[in-house]
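No experiment lies behind these values; they were computed from the predicted model shown. First listed ligand is number 1; within each ligand, the first listed atom is number 1. Only this structure's heavy atoms are used, side chains among them; waters, hydrogens and symmetry mates stay out. We're numbering straight along the sequence, starting at 1.
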Amino acid sequence: MPMQLDRRTLLAGSAALGLSPLALAPAARAAAPLTNSVGAPYMRYKLGEFEITAFNDGTRVGQNPEKTFGINQKPEDVAAAAEANFLPTDRLVSSFTPVLVNTGKELVLFDSGNGANGRPATGHLASQIAAAGFTPDQIDVVVITHCHPDHIGGLMENGAALAPKARYVIGEAEYAFWSSPDRANGPTANAAKIVQTNVVPLKDKMTFVKKDGEAVAGIRAVEAFGHTPGHMAWHVENGDKRLLIGADFCNHYVLSLRYPKWHASFDADKDKAVETRLRLLDMLSADRIPFTSYHMPFPAVGFVEKSTEGGYRFVPASYQLML
Ligand SMILES: [Zn+2]
């Protein structure tokens with residue numbers, strides 16, 4: 001007979017032991033308050049001799065997935081795709097996953113999370129860095145994949161840099177686009193304002209790269225234009241191990257992979273973004289290398305399988321990157 005540890009059993013047991021039923025009362029109720037916290041602060045994995053820390057900057061819940069993914073499709077087709085993949089049709093969750101690569105010689109941070117503007121739901125990078133055992137002044141290089149607020153929001157807080165001793169690396173075209181006064185009005189105004197407070201003041205410490213430009217030895221830029229005009233992914237290599245830090249070339253672990261040609265609302269040049277998505281997904285599946293993608297469910301790292309039905313499938317990493 002299976003053991004039943006309900007209240008009656010506990011009370012009967014306490015009576016048999018001659019205990020007052022009240023002696024057991026505290027154990028019989030769940031008195032711990034809900035934490036309302038963001039969950040695991042970080043996750044660590046390895047790439048050859050490199051050690052990578054993925055940070056959980058937080059998550060944001062959005063409404064109406066069909067207004068973000070598959071905006072060139074019928075809403076009912078997007079809903080059917082969500083449902084077929086065990087996902088809700090009315091809401092979606094975005095994660096924010098900056099990563100830190102420790103090459104053994106340098107600490108290289110990729111993007112900075114949402115910063116103060118994203119709190120309380122997001123903007124937790126600074127505390128997660130501490131939780132993971134680092135101090136911000138240990139960070140040698142900060143790579144900015146692109147200038148959307150959820151990637152640059154944490155670079156500065158009240159005029160002080162998150163990584164006070166770092167130098168910075170950014171795509172040349174990305175910086176030129178966002179720092180231009182032409183961005184100050186219209187749909188780019190909000191991001192451009194954050195660029196002026198968080199990116200432009202760091203200009204003197206910045207290196208501007210093109211395709212194949214290096215952040216440090218073993219880490220080079222991969223053109224991934226479309227999401228923004230100068231959006232860069234980064235190829236990390238150590239020994240015979242490789243990883244793509246994909247940033248925002250492919251944002252939903254089901255919808256962007258299974259349907260890479262579907263347009264996403266936040267891609268500035270939608271056709272270019274599709275072209276980039278297909279090129280990089282094809283490379284990842286052909287070379288069978290892992291990638292990390294900023295907005296996928298934490299810890300946002302896995303592999304890409306070419307699907308027989310067309311499109312691709314995300315295979316979350318398990319222990320491949322622990323060895
Ligand atoms: Zn983003």
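Not a single salt bridge (charged side-chain N to carboxylate O under 4.0 Å, His left out) links D90 to another residue, sequence neighbours left out. Here N198 pairs with nothing under the side-chain hydrogen bond (donor to acceptor under 3.5 Å, both in side chains) rule; sequence neighbours left out.
Annotation: protein N, O or S atoms under 2.8 Å of the Zn ion (ligand 1) (waters excluded) comprise D150 OD2, H151 NE2, D248 OD2, H295 NE2.
Under 3.5 Å, the side chains of H295 and D150 contain a donor-acceptor pair of N or O atoms. Judged purely by distance below 3.5 Å, without hydrogens or angles, the side chains of S94 and R60 never pair a donor atom with an acceptor atom.
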Side-chain donor-acceptor contacts of residues 311-323 below 3.5 Å, not counting sequence neighbours, with atom names and distances?
residue: Y312; atom: OH; partner: D282; partner atom: OD1; Å: 3.0
residue: R313; atom: NE; partner: E305; partner atom: OE1; Å: 2.7
residue: R313; atom: NH2; partner: E305; partner atom: OE1; Å: 3.1
residue: S318; atom: OG; partner: Q320; partner atom: OE1; Å: 3.4
residue: Q320; atom: OE1; partner: S318; partner atom: N; Å: 2.6

Exercise for review: Determine, stepwise, if the pair F266 / F69 fulfils ring pair (Phe, Tyr, Trp, His ring centres under 6.0 Å).
Suggested key: CA-CA 9 Å; F266 41 59; F69 295 100; 5.6 Å; yes
